[in-house]
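Just follow the structure's listing: the first ligand is 1, and inside any ligand the first atom is 1. Sequence positions, counted from 1, serve as the residue numbers for this chain.
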Amino acid sequence: MDVSAQHEDSSGNVAEIGEIMQAMAEHKGCGTTGGSGKASCGSAAGQGDLPTEIWEKVKNHPCYSEEAHHHYARMHVAVAPACNIQCNYCNRKYDCANESRPGVVSEKLTPEQAAKKVLAVASTIPQMTVLGIAGPGDPLANPEKTFKTFELISKTAPDIKLCLSTNGLTLPDHVDTIARYNVDHVTITINMVDPEIGAQIYPWIFYKHKRYTGYEAAKILTDRQLQGLEMLTERGILCKINSVMIPGINDQHLVEVNKAVKSRGAFLHNIMPLISSPEHGTVFGLNGQRGPSAQELKALQDSCEGEMNMMRHCRQCRADAVGLLGEDRSAEFTTEKIMAMEVKYDAETRKAYQAKVEEERVAKVAAKQEELEQLAGAASDIKVLVAVATKGSGLINEHFGHAKEFQVYELSTSGAKFVGHRRVDLYCQGGYGEEDSLETIIRAINDCHAVFVAKIGGCPKGDLIKAGIEPVDQYAHEFIEKSAIAWFKAYLDKVNSGEIVHAERGDAAIRQGALISAA
Ligand code: CLF
Ligand code: SF4
């Protein structure tokens with residue numbers, strides 16, 4: 001790989017982009033974990049961990065920074081309907097499953113409608129910092145619509161970061177255009193680097209006016225994906241790799257994929273679970289191909305973490321998603337509603353709002369550091385998972401019955417580390433608790449020792465305790481990490497004094513099925 005491109009950092013030093021990309025890929029510590037020096041979720045990297053130029057690019061991108069995803073929102077515009085390959089986990093009736101959960105359909109837009117939508121959302125949600133194009137097909141199989149949209153937005157809202165997600169087949173043909181439009185973040189879905197395995201995932205591709213199948217198709221696809229990745233990283237464009245974990249097909253192989261993309265300068269690797277059920281009408285759904293369990297997914301992510309930054313907070317968003325990751329406000333911004341809206345784009349208001357968000361972030365990190373100091377010197381190999389109900393801002397601020405997902409943190413003497421999230425069915429159905437939902441919630445967080453909530457009723461409390469999961473509401477509306485560390489310290493004290501015996505928990509289920517928009 002030619003990494004001769006150079007740039008100047010904020011201190012005036014000229015650095016090799018290749019060196020910086022390598023430093024990023026090898027980044028293992030996370031200053032925000034209390035300086036334990038232990039490898040941590042790379043996407044949780046803080047200001048002190050990354051070169052200034054890279055930090056500036058990721059600090060308010062909710063996908064490229066785990067920490068930012070509690071505070072900043074992204075939006076997608078569904079301007080790209082066509083696709084040039086077939087994945088066995090995709091049904092073309094729906095959005096591109098490389099980013100979206102299968103079974104989700106987005107409202108398609110023209111570039112002009114998309115530009116108006118971006119301004120409408122940016123005016124309503126000042127913490128929306130990133131515009132992504134991720135489907136419903138492949139953005140680079142629809143290059144005119146994709147780049148026209150970027151062009152319109154870069155003129156009217158230049159403070160919004162541009163982001164793109166692609167299957168990579170035509171990527172090498174578009175790298176110069178991507179750079180020209182200042183698209184600073186590109187995701188490539190890479191599920192294999194071995195065409196034998198690829199042939200089990202991709203039945204065909206359409207390339208240079210010709211259809212290819214089997215090994216030949218997968219060989220072309222992998223070559224083009226890796227070439228595109230190299231070309232982007234040579235230009236200093238941040239690349240994230242999405243991989244779908246398909247047990248029995250590519251689960252072992254993804255370790256090889258991780259090495260291949262790391263060596264080509266990828267910044268972040270996002271291993272997502274296959275979501276597969278017969279009603280999606282996909283090849284994998286119909287042939288009974290299962291997705292991984294929560295433990296299987298975490299074990300693979302953990303095994304790749306020593307190699308490079310791993311993303312664990314992906315929500316497999318729909319192609320017209322709007323809002324914080326994990327919330328879906330797309331129904332507030334339908335074409336009909338947007339066209340009727342009078343939009344006033346005020347960059348200054350957005351800036352002022354974001355300055356307040358930054359203050360909140362600083363307070364959160366300080367609170368965590370303070371709590372971590374209390375844990376300093378504690379020696380224990382115990383690691384536990386806890387689930388958290390949150391509406392955002394890094395706070396425990398959601399009621400158990402209103403949670404549509406739980407965030408999962410791993411607690412150890414190194415601190416609290418975000419390791420994933422679990423989507424669940426709402427427990428509270430307007431005044432009463434839904435017992436069936438409670439069962440699925442318990443299955444979804446069955447690997448957790450405790451669940452942190454702002455509030456919880458007596459019934460679910462009792463059932464959770466019976467299932468061995470401690471409901472914790474004493475930290476309502478406080479910062480997540482600080483509270484979780486305080487709880488963990490008390491847990492260790494109880495174990496050490498013999499008051500309780502630490503026991504491992506079982507596995508948990510990743511919920512299958514499509515996201516149903518709440519709005
Ligand atoms: Fe969208 Fe993707 Fe950009 Fe993010 S999503 S194009 S990088 S702005 Fe993010 Fe959504 Fe996961 Fe994608 S959580 S599906 S990783
Ligand atoms: Fe479907 Fe996306 Fe694969 Fe195309 S690239 S077949 S839209 S999952």
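Partners of Arg443 by side-chain contact (heavy atoms from CB on, under 4.5 Å), not counting sequence neighbours, listed by chain and number: Glu439, Thr440.
For Asp223 and Lys219, the salt-bridge test passes: some basic side-chain N is under 4.0 Å from an acidic carboxylate O. Between Glu67 and Lys364 there is a salt bridge, since at least one side-chain N of the basic residue sits less than 4.0 Å from a carboxylate O of the acidic one. Under the 4.0 Å criterion applied to side-chain N and carboxylate O atoms, Glu410 and Arg312 are not assigned as salt-bridge partners. Between Arg361 and Glu358 there is a salt bridge, with a side-chain nitrogen of the basic residue lying less than 4.0 Å from a carboxylate oxygen of the acidic one.
Heavy-atom distances between His185 and ligand 1 stay at or above 4.0 Å for every pair. Between Asp138 and ligand 2 there is no heavy-atom distance shorter than 4.0 Å. Using a 4.0 Å heavy-atom cutoff, Met311 is listed among the residues neighbouring ligand 1.
Within the 4.0 Å heavy-atom criterion, neither part of Asn84 lies near ligand 2. Residue Lys240 touches ligand 1 through its side chain alone, judged by heavy-atom distances below 4.0 Å.
Taking 2.8 Å as the criterion, Cys83 does not count as a coordinating residue of atom 1 (Fe) of ligand 2, since none of its N, O or S atoms falls below it.
Within the listing of ligand 1, atoms 13 (S) sit less than 4.0 angstrom from a heavy atom of Leu325. For ligand 1 and His76, the ligand atoms under 4.0 Å from any heavy atom of the residue are 1 (Fe), 5 (S), 6 (S), 8 (S). Of all atoms in ligand 2, numbered sequentially from 1 with element shown, those under 4.0 Å from a heavy atom of Cys87 are 3 (Fe), 5 (S), 6 (S), 8 (S). Counting atoms of ligand 1 from 1 in the listed order, those under 4.0 Å from a heavy atom of Arg315 are 11 (Fe), 13 (S).
For the atom pair Met75 CE and Thr124 OG1, the distance stands at 9.5 Å (nearest 0.5 Å).
Looking only at atom types and distance, the side chain of Thr129 has no donor-acceptor partner in the side chain of Gln354 under 3.5 Å away.
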